[in-house]
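FYI, side chains are in, hydrogens and waters are out, and symmetry mates aren't considered; it's all heavy atoms of this structure. Here is how names work: the chains are called A, B, and so on, in the same order as the sequence lines, proteins then strands, and each is numbered from 1.
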Amino acid sequence: MNSILIIVFAPLVAAIVAGLGGRWIGHTAAKAITTGGLFLAAGLSWPIFLSFIAGTGEAGVTPVLTWVHSGALTFDWALRVDTLTAIMLVVITSVSALVHLYSWGYMEEDPDQSRFFAYLSLFTFAMLMLVTADNLVQMFFGWEGVGLASYLLIGFWYKKPSANAAAIKAFVVNRVGDLGFMLGIFGTFLVFQTTSIDAILEAAPAMQGSTITFMGARWDTMTILCLLLFVGAMGKSAQLGLHTWLPDAMEGPTPVSALIHAATMVTAGVFMVCRLSPMFETAPDALVVVTVIGAATCFFAATIGTTQWDIKRVIAYSTCSQLGYMFFAAGVGAYGAAMFHLFTHAFFKALLFLGAGSVIHAMHHEQDMRYYGGLRKEIPITFWAMMFGTLAITGVGVYHLGAGFAGFWSKDGILEVAYAAAGEYSTLAFWLGTFAALLTSFYSWRLMFLTFWGKPRWIESEHIQHSVHKTPEEAGADTTGGYHPHESPWTMLVPLGVLSVGAIASGQVFHHAFLESAEFWNGAIAYNEHLMHEMHLVPMWVKYSAFTVMVIGLLGAIYAYLIKPSVPKATAEQLGPVYRFIYRKWMFDELYNYVFVKPAFWLGRILWKKGDEGTIDRFGPNGVAWVVERGAVFAKKVQSGYLTSYALIMLLGLVAAITWVLF
Amino acid sequence: MGDFPILTAMLVVPLIGAIACLFLDAKPARMVALLATLIDLALGIVLWANFDIGGAQWQFTERANLFAGFEYALGIDGIALMLIMLSVFLMPICIGASWEAITKRVGEYMCAFLVMETLMIGVFAAQDIFLFYIFFEAGLIPMYLIIGVWGGQNRIYAAYKFFLYTLLGSVLMLIAMLWMVNFANGETSIPVLMETNFPAEAQTWLWLAFFASFAVKMPMWPVHTWLPDAHVQAPTAGSVILAGVLLKLGGYGFIRFSLPMFPDASADFGWLVWGLSMVAVVVTSLIALVQHDMKKLIAYSSVAHMAIVTVGLFAFNVQGLEGAMMVMLGHGLVSGALFLCVGVIYDRLHTREIDRYGGLSINMPAYAVLFMLFTMASVGLPGTSNFVGEFLSLAGIYQANSWVAFICTTGIILGAAYMLYLYRRICFGEQKNADAAAMPDLSVREWLLLGPIAAAVLWMGVYPESFLAPMRSDIQILDARLAAAAPEGDAHLEIGEGASAQEEHHEGEAH
């Protein structure tokens, strides 16, 4: 049981050693310690996970240290392991270990490598604290800890203004979500007098139907608590409205995007909803909100994904969209399906990001897909890895063969269960999800075709021009510009290979446990046996709907990007404002800038200059000083030294005094 | 412990040092001051080690009659103990921070600091209400001198503003104290007065009189405008002690006087404190966002943090009170450290203008790490000192009023915005200013100043039990005293039919 202590704290120790001691022990030692720590953690995590798969795992809590005891509000440091945690453990440690290894190659020339590895390990520690939390406050510790690591890693190249801006944006937008999370914890404590997750989940059903006042309005208790906590989940998991930080987070190095902004941190919100699923089950209205937000995000992000040119941003919006699937799966009550998609998505999305990193590495840091093309032959291993990732995310698989890539099992499962739940909102989610699956297929293949097929368009890239010292004119007909993309070193290819296995097989191998086994879950989530049973009884057209739209998306992409490359431009022009609206990400950034950012600075200036200085100081201390000064001038005049004026004042005073006494 | 008068010793040691400093040259004066503060720190550790947690409420009591009913009475509870520890911990750091920065009138400067240490410890240890008053008000004088003599360009204005504000409140407080002692038949003992039930009508006026003093010291919006000026003009160590300890006097006053002595009035005026605190969190955070002056920015952030203290205090529950105390301790460390961080680069470049810096992560990596730690502590990242306090405080106020909790919790968003924006402009980006880019990293002396605070910040964040335990029984006593007056929360939880009815529903669905 106590291997969990090593799993969680090895990354912390490694982070401290590499971060604070990196300058003395050197880059190689720092990298070796952090990577070694993570492989150790991963090596210890898999047996735990497999023991739960085999049904021999036992849930338990390892206490670590007292934290805060304040009256009834007590919470301690403790590590909890159950099925849900075990899943997260393997996802986090495996992807993190591979990303560490990958970074040996990717960050090879960076002068601040040890700092980078220290941040990666620190992130892993915080994420592990999050998923092993036994109470809401430790979860919040991990929550904010991963936020810190994310902030540091997005801004890792801190000389770049865009990276700094993105880092701050990520932290602050997440804090908006955290505001909800914190209020949710406060409310939960108020209602249940505890922050222990077990105790809350146990007491939640009895609170059903109770009401509470929050900010002046009367609410169903469980609904408002779940909604507040869900706001936190929305922030961390980049759901519609609080998603704006995620695409900008791509300013960070690509391994970071793979680990934090695809496989682990952004899924924390889904994890939270699943962890608290018995609580959410007592709040059907809150679940409707989860479903609708999830479905809307999955659709909206997918639309943007079809229009972006930056390879990482496409994958980022894809992540946002896939998280939407997970949320609406949770919203319709299929927490197992949500967790399954989280699990498979971690592998294939990390694979896609690392593959994209390998492409970027090969293309001299160029990220714009318009300047790629024809890379299939140049970097074949990367190509195949990306191919497996794409086959997984688009959900390639055939129901009747009972075979398919990872995404086929998990995404199709979600669509089926949404249909099976048969509520009006879950049906809406089914249709939006199905349409998003079409878009997913389209933008994923678009990415593949633009990158790996067609003619090279490399010379138009400034990065390539820098590399080969040629302008497009000088290069003439040779659109490669004489540039030779190189396949990445083995440290980068090995993680691609391992993750490819996950993208191919993780659905096939584990779908039974995640989707059909109440024994596997063993009470770690609210497992709705009935719903999971219904899921298998959906009509055949539902089972094939995802497959059908996947093929349509693929054909569309083939037509638009291989057969007739003039189509995309023409379509964009035809759509005009609609295209621009989508291309500019539904204008969220502009909107927030006008509604929040600018007014905040404007208000700050007004309150400072007009408020503090113009009013409080003016009428306060400066005003008093002015009165005193004037008073002194007046007193000086009065003290003229003339006896007559003194006599006159005395007389007036006497009259006044008598008047006051007599009347 | 025996009968060793340790509290008196803690008052006398700095005082002797102070007198000695007046007659010494710069170098020996520094040494004497450092020695005196270190001895006091050692005494403080002995004090803490011998404090009997869960024992008598008042420990280490000393008593001697002075003239005319005045009494020299000392004694501490856990709350006072923690604030004394904060003071003695920060003092040697302040002396160290002034080691090279202060070059004129060093003896007098050190004297002022040591006198201030005596007065601060005196405030927390005094058990006689007039003795408290003397310490409380006399603390103004050395601070006034430190700002007025060793301050920056505009020091006279700042010193005068500081004095004017803080004096104004204290006159009213003295009158109130006289009335109280008169009412209690000449009883001047604070522990006795804390258990005296003052008539409700009188409480209102007494509360307001004390409020006038404490609100300024805190400082609460709108009587906060002395703070940014005082901080900007004060030398680094002055800012450290001002933010670290002097701002805590207001909170200590509330917890020692206003709440236990006037519980009914405190409850009646809860809305006033809440209102001012809510305004403070939002307004001063927004103002902090647009500052160009590093010290002003941190000063405004202090006002916002102190508002979390006041809402915690006036939440009327254990979490709020303990949270308020923890914010005071945490903020004492973190804001002190942030002012030191400002001091480190101010000493090198002699400007507080944020735009004159940039890219310091490149040439001052160790500094950047520590500054990041304190920035994160300031925004209340879990695992650091401020989180524990803010979390408890806000959890406390949530039970009283969810609107107040909501508004005050927005501070975590705004706080993150202005602190990270500050950090970005100083440490990140290109090295656009050649002189800033040439600055050397932390010296050994600076490491010795910031390192211990960093350790304390993490200690308080990971294992706050060390700090909560000594205060626990005192907070419980106070909470019990407030219980009768405490306003009802706004949640009004009404238990519904529960799961039984729902279960039937579920079963019906399943089959």
Novice: Quick one: do E494(B) and S210(A) satisfy side chain to side chain contact (heavy atoms under 4.5 Å, CB included)? Show the steps, please.
Specialist: CA-CA 5 Å; E494(B) 270 171 35; S210(A) 64; 5.7 Å; no
Novice: Pick whichever of S361(B), A405(B), G383(B), A416(B) has the most heavy-atom pairs under 4.5 Å with chain A.
Specialist: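 Heavy-atom pairs under 4.5 Å are most numerous for S361(B).
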Novice: Picking from T213(A), T282(A), D178(A), which has the most non-hydrogen pairs under 4.5 angstrom with chain B?
Specialist: T213(A)
Novice: Given that the side chain runs from C-beta out, which part of F596(A) has a heavy atom under 4.5 Å from chain B: side chain, backbone, both or neither?
Specialist: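 No part of F596(A) comes within 4.5 Å of chain B.
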Novice: Quick check: closest heavy atoms across L468(B) and H69(A), and the distance to 0.1 Å?
Specialist: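 Smallest heavy-atom distance, with atoms named: CD1-O, 4.1 Å.
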Novice: Of the listed residues (G461(B), G415(B), G411(B), A288(B)), which shares the most heavy-atom pairs with chain A below a 4.5 Å separation?
Specialist: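 Result: the option with the highest number of such pairs is G461(B).
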Novice: With respect to chain B, which residue among Q138(A), E144(A), R115(A), E613(A) yields the maximal number of heavy-atom pairs within a distance under 4.5 Å?
Specialist: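 With the most close heavy-atom pairs to chain B, the winner is E144(A).
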Novice: Is chain A contacted by the side chain of K296(B), its backbone, both, or neither, given a heavy-atom distance below 4.5 Å?
Specialist: side chain
Novice: When you measure from the side chain of W67(A) to the backbone of V388(B), do you find a donor-acceptor pair of N or O atoms at a distance under 3.5 Å?
Specialist: no
Novice: Please name the pair of heavy atoms, one in W77(A) and one in V462(B), separated by the smallest distance, quoted to 0.1 Å.
Specialist: NE1-O, 2.8 Å
Novice: For the candidates L531(A), V137(A), L20(A), which exhibits the highest count of non-hydrogen atom pairs separated by less than 4.5 Å from chain B?
Specialist: V137(A)
Novice: Side chain, backbone, both or neither: which part of M326(B) has an atom under 4.5 Å from a heavy atom of chain A?
Specialist: neither
Novice: Is there a side-chain contact between F428(B) and K160(A) in this structure, where contact means two heavy atoms from C-beta onward sitting under 4.5 Å apart?
Specialist: no
Novice: Just how far is it from atom CH2 of W608(A) to atom CG of L289(B), taken to the nearest 0.5 Å?
Specialist: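 If we round to the nearest 0.5 Å, W608(A):CH2 and L289(B):CG are 11.5 Å apart.
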Novice: In terms of side-chain heavy atoms, does E322(B) have a donor or acceptor partner in S70(A) at a distance below 3.5 Å?
Specialist: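 Yes, side-chain donor-acceptor contact under 3.5 Å.
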Novice: Are M207(A) and I495(B) packed together at the side-chain level, in the sense that at least one heavy-atom pair is separated by less than 4.5 angstrom?
Specialist: yes
Novice: Does any non-hydrogen side-chain atom of E430(B) lie less than 4.5 Å from one of P161(A)?
Specialist: no
Novice: At their closest point, which heavy atom of R218(A) faces which heavy atom of A491(B), and how far apart are they?
Specialist: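 Scanning both residues, the minimum pair turns out to be NH1-O, 3.3 Å.
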Novice: To the nearest 0.5 Å, what is the distance between CG (L286(B)) and CG (L603(A))?
Specialist: 6.0 Å
Novice: Could you tell me if the side chain of T211(A) sits less than 4.5 Å from the side chain of H492(B), heavy atoms only?
Specialist: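 Side chain of H492(B) against side chain of T211(A), heavy atoms only: no contact under 4.5 Å found.
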Novice: Run I362(B) and K159(A) through side chain to side chain contact (heavy atoms under 4.5 Å, CB included) and show every step you take.
Specialist: CA-CA 9 Å; I362(B) 300 164; K159(A) 290 182 201 166; 3.4 Å; yes
Novice: Between W157(A) and chain B, with a heavy-atom cut-off of 4.5 Å, which part of the residue counts as in contact: side chain, backbone, both or neither?
Specialist: neither
Novice: Check A395(B) against L73(A) and note the closest heavy-atom contact, atom names and distance.
Specialist: CB-CD2, 3.9 Å
Novice: Work out which heavy atom in I616(A) is nearest to a heavy atom in P222(B); give both atom names and the distance.
Specialist: CG2-O, 3.2 Å
Novice: Measure distances from A165(A) to the heavy atoms of chain B and classify the residue's part below 4.5 Å as side chain, backbone, both or neither.
Specialist: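 Contact with chain B involves both backbone and side-chain atoms of A165(A).
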Novice: Can you confirm whether more than 12 heavy atoms, excluding those of K432(B), are under 6.0 Å from its NZ atom?
Specialist: yes
Novice: Under a 4.5 Å cut-off applied to non-hydrogen side-chain atoms, are F189(A) and Y398(B) in contact?
Specialist: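 No, their side chains stay 4.5 Å or more apart.
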Novice: So which part of Y165(B) gets closer than 4.5 Å to some heavy atom of chain A, the side chain, the backbone, both or neither?
Specialist: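 Only the side chain of Y165(B) comes within 4.5 Å of chain A.
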Novice: Between F141(A) and L381(B), is any pair of side-chain heavy atoms under 4.5 Å apart?
Specialist: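 Side-chain contact under 4.5 Å: no.
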Novice: Quick one: pull up NZ in K169(A) and CG in L420(B) and give me the separation to the nearest 0.5 Å.
Specialist: 15.0 Å
Novice: Report the distance from atom CG of L148(A) to atom OG1 of T375(B), rounding to the nearest 0.5 Å.
Specialist: 10.5 Å
Novice: In terms of heavy-atom proximity below 4.5 Å to chain B, should I185(A) be classed as side chain, backbone, both, or neither?
Specialist: side chain
Novice: Please classify the contact between L414(B) and chain A as side chain, backbone, both or neither, with a heavy-atom cut-off of under 4.5 Å.
Specialist: neither
Novice: Which of the residues Q319(B), H224(B), K161(B), Q399(B) is involved in the greatest number of heavy-atom pairs with chain A at under 4.5 angstrom?
Specialist: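 Of Q319(B), H224(B), K161(B), Q399(B), Q319(B) has the most heavy-atom pairs under 4.5 Å with chain A.
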Novice: Relative to chain B, which segment of L179(A) carries a heavy atom at a distance below 4.5 Å: side chain, backbone, both, or neither?
Specialist: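 When you check distances to chain B, atoms from both the backbone and side chain of L179(A) fall under 4.5 Å.
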Novice: If you count heavy-atom pairs under 4.5 Å with chain A, which of I475(B), V282(B), L392(B), V290(B) comes out on top?
Specialist: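 Looking at each of I475(B), V282(B), L392(B), V290(B) in turn, V290(B) comes out on top.
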Novice: Quick one: of Y160(B), Y463(B), W226(B), F391(B), who has the most non-hydrogen atom pairs under 4.5 Å with chain A?
Specialist: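 Greatest number of close heavy-atom pairs with chain A: F391(B).
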Novice: In terms of heavy-atom pairs under 4.5 Å, which option from Q291(B), R472(B), M471(B), M376(B) contacts chain A the most?
Specialist: Q291(B)
Novice: Just wondering, do I412(B) and M182(A) contact through their side chains at under 4.5 Å, heavy atoms?
Specialist: yes
Novice: Highest number of heavy-atom pairs under 4.5 Å with chain B: which of V173(A), I168(A), T221(A), D112(A)?
Specialist: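 Maximum pair count with chain B is reached by I168(A).
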Novice: Quick one: sort the F601(A) and Y421(B) rings into parallel, tilted or perpendicular, breaks at 30° and 60°.
Specialist: perpendicular
Novice: Decide yes or no for R605(A) and I287(B): does some side-chain heavy atom of the first lie under 4.5 Å from some side-chain heavy atom of the second?
Specialist: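 In short, these two side chains do not touch, never coming nearer than 4.5 Å.
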